[in-house]
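Heads up: the structure comes next, in structure tokens.
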Amino acid sequence: MTAEIITITATAPDAAAAGAPVLTDDPTAHRVLTGDRPTGPLHLGHYFGTLRNRVLLQDQGVDMFVVVADYQVITDRDIADRLAEHTESLVLDYLAAGLDPERATIFAHSAVPALNQLLLPFLSLVSVAELSRNPTVKDEIAHSRQSAVSGLMFTYPVHQAADILFCKADLVPVGQDQLPHLEVARTVARRFNERYPHADGSVVFPLPQALLSDAPMLLGTDGGKMSKSRGNAIPLGATEDETARIIRAARTDADRHIDYDPVDRPGVAGLVLLAALCQDRAPEAVAEEIGDGGAAALKRTVTESVNEYLRPMRARRAELAADRGHLRQVLHDGAERANAVADATLAEVREVMGAI
Ligand code: TRP
């Protein structure tokens, strides 16, 4: 079983769109579903990895659904702390980055009961052996903060299949780690369609496809993958001073000559890449300009580039943050739209299953 993968490279000549998904067929014919766990504010790794691409897809006219996967937070930890706050801050980051709630349906998983009700028939379509083979789940179990592995850990990919299938999304922008989950969604859809066709032979679910972009993986300030839990990330909403402080503490090396060498100098290369993405230039060009300036000059450049790049987004973020009521309204409206779609899908599912 391999997911059909659409890798889309930008046709746009400017580096800003490098690695961005550009759909070559009619974008308005697609429904895209993506989502995040509300575990804290988003950082630059999220932005250049996925968020920017979502906005580009939205602007091409795809019908975008974005799930705030609140129940998923309790897969690898016992307590979902500050969930309401994190959900709102996620929406804040989405809107600041350019997702438009008029065009994109942004909703919390827990606010859509019919979506969750799909979990029961879906669970009947996968075996325990299949659930335990999922490499991403295995990896999460290895890094879990729980003393015992819960049933939710094994079943959340099926939950995620419901996130995707309830709205009949045909494209799911994902990173490599999410491919096994997309495979589960495809398996569930295929088996459901085989077992429960409509009387006229038509099927309920389209098979969702992965949309893999070749956006570069952004490294954190310690040279490892940028991740909040590693403390090496630059939050989108950080102040300019906080940003400067995080970058000043970044791990570099003693070689004053700055080049772009991700294999041998991951710390330096991560910083160079960050500046390059923000300046919309090739990393080699950024490194060459700094030349023998050493880590101090590199960090100065990175700090300026990041702060300049994020300035308009942060200004928008501050404006939006002042109006919590608006954020709640966005979630409320999104849930209303998602509920209408989920109710219709659940009704169809129950009909083909014999009104279970
Ligand atoms: N599992 C994803 C993550 O951890 C979040 C998510 C939940 C998701 N439902 C989804 C992603 C559906 C894509 C499609 O980030």
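The structure presented is a predicted model; accordingly, all values stated were derived computationally and were not measured. In listed order, ligands and their atoms are each counted from 1.
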Checklist entry - For the residue pair Tyr71 and His159, does the interplanar ring angle fall in the parallel (under 30°), tilted (30 to 60°) or perpendicular (over 60°) class? => result parallel
Write none if no such pair exists; otherwise list each N/O atom of ligand 1 with its protein N/O partner under 3.5 Å and the distance.
unit_1: ligand 1; atom_1: 1 (N); unit_2: Gln72; atom_2: OE1; d: 3.0
unit_1: ligand 1; atom_1: 1 (N); unit_2: Gln160; atom_2: OE1; d: 2.9
unit_1: ligand 1; atom_1: 1 (N); unit_2: Gln178; atom_2: OE1; d: 3.1
unit_1: ligand 1; atom_1: 4 (O); unit_2: Arg37; atom_2: NE; d: 2.9
unit_1: ligand 1; atom_1: 9 (N); unit_2: Asp163; atom_2: OD2; d: 2.7

Checklist entry - Pairs in or reaching into residues 250-276: which pass ring pair (Phe, Tyr, Trp, His ring centres under 6.0 Å), with residues at least two apart or in two chains? => result none
Item to check | Contacts of Val203 that satisfy side-chain contact (heavy atoms from CB on, under 4.5 Å) - sequence neighbours left out | outcome: Asn193
Checklist entry - Arg31: what forms a side-chain hydrogen bond (donor to acceptor under 3.5 Å, both in side chains) with it, not counting sequence neighbours? => result Asp63
Item to check | Donor-acceptor contact present, side-chain Asn339 to main-chain Ala111, <3.5 Å | outcome: yes
Next on the checklist: Whether Arg37 engages the ring of Tyr156 as a cation-pi pair (distance to the six-membered ring centre under 6.0 angstrom, angle to the ring normal within 45°) should be assessed.
Outcome noted: yes
